[in-house]
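The structure appears right after this line, and notes come after that.
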Amino acid sequence: MKVTILGSGTNIHPTRAAAGYLFQTDRPILLDFGPRTLSNLLQTGVDRHTIQHLLFTHYHADHFSDFIPFFFDAVCYSRFVTVRPGLSILGPPGTKRLFRTIFRTFPNFSDAPFPVTLKEVQGRSFAIGETRVTPWPMTHSDQQICLGYRLEYQGRSVAFSGDAVASPHLISLCRNVDLAILDCSFAASQPGGAHMHAEECGKVAREAGVKRLVLSHFYQAADRSNVVTQARRFFSGPILKGKDLLSLTV
Ligand SMILES: [Zn+2]
Ligand SMILES: [Zn+2]
């Protein structure tokens with residue numbers, strides 16, 4: 001499978017889009033849709049109108065807000081073509097309430113002539129085409145459930161932590177994956193709450209036995225520090241510092 005980072009930053013960042021990832025297996029799957037990731041999606045060359053599956057880790061705006069222009073565009077576009085394929089939106093508990101409110105509230109959103117399905121997922125695997133998807137609750141926010149996701153396709157596996165602190169759940173999500181993309185919001189010298197710093201990412205990768213580690217979701221202070229060196233103190237496998245539009249084949 002191919003994984004493209006659409007956004008490796010956080011909410012406000014001068015040079016990076018916020019959280020967003022494109023998985024290409026037997027179909028495109030979008031995981032999170034933070035601010036500025038839609039522009040990067042357009043640059044991948046993937047036709048946005050072919051995307052039928054959106055997965056969300058949680059609903060902090062840095063993981064979600066580009067859904068609004070994406071969906072408005074989809075409604076407008078479907079006036080000019082015969083049929084846009086349906087859209088399936090999957091996320092943690094709270095997904096149905098949030099999206100029903102959005103569809104009721106934003107002008108023209110309820111006019112969508114294509115089917116939209118909402119599904120709340122947590123803790124149980126399901127299939128999207130030939131891709132096995134496992135959503136697993138992480139530790140991040142008291143106000144909502146944040147999911148990490150593991151995707152498996154043709155014997156290859158990728159885990160994405162979403163926003164998370166280190167936890168046994170995160171380690172089991174990442175167990176022996178070919179690629180783990182972890183929340184590295186902070187530098188080890190300037191840790192903060194609700195997210196990991198670079199050394200913790202290295203520890204999780206080592207403990208879970210991941211084969212390759214990508215650090216992502218940087219605040220600017222983390223971005224200025226040498227996060228790869230910090231993670232390497234604990235993880236001896238290959239480590240990449242994520243950047244927008246970095247594409248990896250797994
Ligand atoms: Zn968050
Ligand atoms: Zn975030």
Side-chain angles (χ1 to χ4, degrees), residues 3-23 29-41 54-70 89-95 97-99 102 120-123 135-151 158-167 169-170 173-174 180-188 190-201 204 213-225 227 231 241-246:
V3 185
T4 303
I5 300 179
L6 300 179
S8 54
T10 44
N11 199 15
I12 305 290
H13 192 293
T15 55
R16 296 174 185 268
Y21 301 86
L22 173 68
F23 291 82
I29 300 170
L30 212 56
L31 177 46
D32 281 348
F33 218 157
R36 306 175 297 283
T37 56
L38 178 54
S39 299
N40 283 340
L41 173 66
L54 305 182
L55 302 173
F56 287 98
T57 59
H58 66 308
Y59 296 112
H60 279 146
D62 60 316
H63 293 251
F64 163 68
S65 68
D66 268 10
F67 172 79
I68 302 296
F70 170 82
I89 299 169
L90 304 100
T95 295
R97 183 170 56 88
L98 176 69
F99 281 93
I102 287 169
E120 296 182 346
V121 295
Q122 184 185 192
W136 206 250
M138 300 289 109
T139 306
H140 171 55
S141 163
D142 291 340
Q143 297 184 14
Q144 59 181 325
I145 292 171
C146 180
L147 300 174
Y149 284 92
R150 181 180 174 117
L151 281 80
V158 178
F160 172 54
S161 66
D163 284 359
V165 300
S167 72
H169 274 186
L170 175 58
L173 185 86
C174 296
I181 304 169
L182 298 184
D183 169 3
C184 182
S185 289
F186 301 121
Q190 287 179 285
H195 303 271
M196 289 183 285
H197 59 68
E199 285 186 357
E200 290 170 320
C201 292
V204 167
L213 171 62
V214 170
L215 305 171
S216 193
H217 201 266
F218 305 112
Y219 283 100
Q220 288 179 63
D223 211 357
R224 286 191 293 265
S225 77
V227 287
K241 184 176 181 182
K243 60 178 186 182
D244 292 16
L245 293 173
L246 174 69

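When a ligand or atom number is given, it counts from 1 through the structure's own listing order. Below, each value reflects all heavy atoms present in this structure, side chains not excepted, and no hydrogens, waters or symmetry copies.
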Q. How wide is the angle at the Zn ion (ligand 2) between NE2 in His63 and NE2 in His217, to the nearest 10°?
A. 90°
Q: Check whether any N, O or S atom of His60, backbone or side chain, sits closer than 2.8 Å to the Zn ion (ligand 2).
A: no
(Q) Looking only at N, O or S atoms in Asp62, which is nearest to the Zn ion (ligand 2)? (A) OD2
Q: Measure from the Zn ion (ligand 2) to each N, O or S atom of His195 and report whether any distance is below 2.8 Å.
A: no
Q | Closest approach of His169 to Pro137 (non-hydrogen atoms, all atoms of both residues) | A | ND1-O, 3.0 Å
Q: May I ask you to check whether His58 brings an N, O or S atom to under 2.8 Å from the Zn ion (ligand 1)?
A: yes
Q) Does Phe67 have its ring centroid less than 6.0 Å away from the ring centroid of Phe33? A) no
Q: Run through Phe99, Phe160, Tyr21 and flag the one making a ring pair (Phe, Tyr, Trp, His ring centres under 6.0 Å) with Phe56.
A: Phe99
Q. Is a donor on one side and an acceptor on the other found under 3.5 Å between the side chain of Gln144 and the backbone of His58?
A. no
Q. Where the Zn ion (ligand 1) is the centre, what is the OD2-to-NE2 angle for Asp163 and His140, rounded to 10°?
A. 100°
Q) Under 6.0 Å between ring centres, would you say that holds for Phe218 and His13? A) no
